[in-house]
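Beneath this line is the structure, given in structure tokens, with notes to follow.
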Amino acid sequence: QVQLVESGGGLVQAGGSLRLTCAASGRTFSSYTMGWFRQAPGQEREFVAHISSSGTSTNYPDSVKGRFTISRDNAKNTVYLQMNSLKPEDTAVYYCAAKQSPVVRTNPLLYSYWGQGTQVTVSS
């Protein structure tokens with residue numbers, strides 16, 4: 001089992017940057033593939049990034065490609081989301097999630113473990 005805790009959210013101006021951190025507990029963290037999702041008020045949870053268990057493969061939707069970077073440090077049981085060139089439409093609660101399947105999944109229902117989320121607000 002994995003427990004996830006996000007941090008690093010906050011208020012930033014458009015064009016700015018934030019780095020989110022997801023700290024995981026559990027001895028088998030390196031066997032999980034990880035994802036970041038976000039959810040704005042009144043909207044469905046949206047896929048933001050995916051990283052393989054080894055960290056060698058990443059995937060992004062077009063909406064964040066080239067601006068966001070997911071990475072992980074298995075020695076520290078941590079996943080990061082570096083967000084650059086932020087836009088007001090990036091405003092949402094951001095969640096990290098874990099699953100054991102190696103297949104890239106954009107459907108949040110296919111992830112087994114979730115953090116509590118961290119708020120990101122981008123002002124114009």
Does one hydrophobic cluster hold both [X] and [Y], with members joined at side-chain heavy-atom distances below 4.5 Å?
| X | Y | answer |
| --- | --- | --- |
| L4 | F47 | no |
| Y95 | Y60 | no |
| L18 | V93 | no |
| L86 | Y80 | no |
| V120 | F37 | no |

Atom CD of E44 with >12 non-hydrogen neighbours under 6.0 angstrom: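 No, CD of E44 has 12 or fewer neighbouring heavy atoms, counting only those of other groups under 6.0 Å.
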
Over 12 non-hydrogen atoms of neighbours within 6.0 angstrom of CD in Q119: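 Check passes, neighbour count above 12.
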
Separation of [Y] [atom2] from [X] [atom1] (nearest 0.5 Å):
| X | Y | atom1 | atom2 | value |
| --- | --- | --- | --- | --- |
| S63 | R38 | OG | CZ | 5.0 Å |
| E46 | D90 | CD | CG | 9.0 Å |
| C96 | I51 | SG | CD1 | 12.5 Å |
| Y94 | L81 | OH | CG | 7.5 Å |
| Q82 | T21 | CD | OG1 | 9.5 Å |
| T78 | M34 | OG1 | CE | 9.5 Å |

Could you tell me which non-hydrogen atom of [X] sits nearest to which non-hydrogen atom of [Y], and how far apart they are?
| X | Y | value |
| --- | --- | --- |
| S54 | R72 | C-CD, 4.4 Å |
| S17 | N84 | OG-OD1, 2.9 Å |
| F29 | D73 | CE2-O, 4.3 Å |

pair M83-L20: side-chain heavy atoms closer than 4.5 Å: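 Counting from C-beta outward, M83 and L20 do come under 4.5 Å.
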
Short side-chain to backbone donor-acceptor contact, [X] and [Y], under 3.5 Å:
| X | Y | answer |
| --- | --- | --- |
| K99 | S101 | yes |
| N77 | G26 | yes |
| E6 | C22 | no |
| Q39 | A92 | no |
| S57 | S52 | no |
| T121 | T91 | no |
| R67 | S85 | yes |

Mind listing the side-chain donor-acceptor pairs of residues 105-115 below 3.5 Å, one per line with the distance, residues two or more places apart or on another chain?
unit_1	atom_1	unit_2	atom_2	d
N107	OD1	L109	N	2.9
Y111	OH	R105	O	2.7

Residues K65, D62; criterion salt bridge (charged side-chain N to carboxylate O under 4.0 Å, His left out); working and verdict: CA-CA 5 Å; K65 195 174 295 183; D62 289 342; 3.5 Å; yes

